[in-house]
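Input: a single structure, listed below in structure tokens.
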There are 2 protein chains.
Amino acid sequence: MERIQHQALADLLKALGEFNRLSLVYELCQCDKPRNAMCLCECCSVDASVASRHLKILAEQGVVQIKKKGRERIYSLNRSEVANQLRSLADQIEGCSPAVSTTTNHRPRKAI
Amino acid sequence: MERIQHQALADLLKALGEFNRLSLVYELCQCDKPRNAMCLCECCSVDASVASRHLKILAEQGVVQIKKKGRERIYSLNRSEVANQLRSLADQIEGCSPAVSTTTNHRPRKAI
DNA sequence: GACAAATTTGCACAAATATGCAAATATAAG
DNA sequence: CTTATATTTGCATATTTGTGCAAATTTGTC
């Protein structure tokens, strides 16, 4: 159970943890409209096939969504889902400070 | 430069995006006291040298802190730093959305 | 100084990964 | 039907990565 979740999270982080894939995410982040692969592959100056493969990996991890439109694929970010997973991990990491019960579901204040 | 920041973030995510390394992080997360490598390497059943290398990678990315104590190295999580970086990315990803919500725990997003 | 314990490093190796090119596929347009 | 465009897939390849074992290193204990 826990292992599977950890593996899934590791897969997500690994998907995001590659420069060109993260660049694709940032590119999708900046443009307000969804984009196709030809447009996206320019941001990291790689072959279209490479961008296609990267976007597939991101889609497998739920980072992006794919919509078929004619001969194009329109990609868009699964914004809240990804953000929530990242925040969940952040909460777990930050919430582990000494004297915090393991089952409490409270959100610790951002420490600054 | 933006590229460098993106690369650094990708490196952090890559460091976290490996099962055994993430297990080490979770292990450090659960135990209230800092731990040495011998203790930590049990959680992912790998050789001590492997755990040492993984912890080194985590340290290079600022995920963990190392303190020398005798012949041991005591590892502890850089909790708020890592959490803040993850939340920063989450904010960037979610902040590019026209309307943000769908979360039970709503966190005011950073300025865009 | 001799020995034990914790950690790092060198080495080897298998597996995974990122990449580009060319071919195949899908679909729109003429 | 033919052509053009967007994407995927097959193949080859160079690089990275995770791993274990043994040796080296560091440091505490006797």
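A note on names: the letters A, B, ... follow the listed sequences, proteins ahead of strands, and every chain is numbered from 1.
Contact annotation: Lys68(A) does not reach the phosphate of dT7(D) (side-chain N/O to OP1 or OP2, under 4.0 Å).
Minimum atom distance to the side chain of Arg71(A) is reached by dA4(D), of the listed dA4(C), dT8(D), dA4(D). Closest to the side chain of Arg53(B), out of dT7(D), dA4(D), dC21(D), is dC21(D).
The two residues Gln61(A) and Ala15(A) have their closest heavy-atom pair at CG-CB, 3.6 Å. Considering every non-hydrogen atom in both Ala59(A) and Ile66(A), the closest pair reads CB-CD1, 3.7 Å. Summarising the geometry of Tyr75(B) relative to Leu28(B), their closest heavy-atom pair is O-CD2, 3.4 Å, with the distance given to 0.1 Å.
What separates NZ of Lys56(A) from C1' of dG10(D) is a distance of 12 Å, to the nearest Å. If you measure from atom CZ of Arg73(B) to atom C1' of dT9(C), you get 13 Å, rounded to the nearest angstrom. When the P atom of dG10(C) is taken as reference, atom CG of Asp47(B) falls 16 Å away, rounded to whole Å. We find that CD1 of Ile74(A) is positioned 12 Å from P of dA28(C), with the value rounded to whole Å. A straight line from CZ of Arg21(B) to C1' of dT16(D) spans 12 Å, rounded to a whole angstrom. Atom C1' of nucleotide dT17(C) and atom CD of Glu18(B) are separated by 14 Å, given to the nearest angstrom. Protein atom CZ of Phe19(A) is 18 Å distant from nucleotide atom C1' of dT15(D), rounded to whole Å. The nearest whole Å value for the distance from the NE2 atom in His54(A) to the C1' atom in dG20(C) is 12 Å.
Sequence order on DNA chain C of the closest nucleotides to Val50(B) and Ser45(A) puts Val50(B) first from the 5' end. DNA chain C is contacted by both Ser49(A) and Ile57(A); Ile57(A) maps to the nucleotide lying nearer its 5′ end (nearest heavy atom per residue).
As judged by a 4.0 angstrom heavy-atom cut-off over every strand, Lys69(A) is placed among residues making no nucleic acid contact.
Going from atom CZ of Arg87(B) over to atom CG of Leu89(B) covers 12.5 Å, rounded to the nearest 0.5 Å. Atom CD1 of Ile93(A) is separated from atom CD of Glu81(B) by 11.0 Å, given to the nearest 0.5 angstrom.
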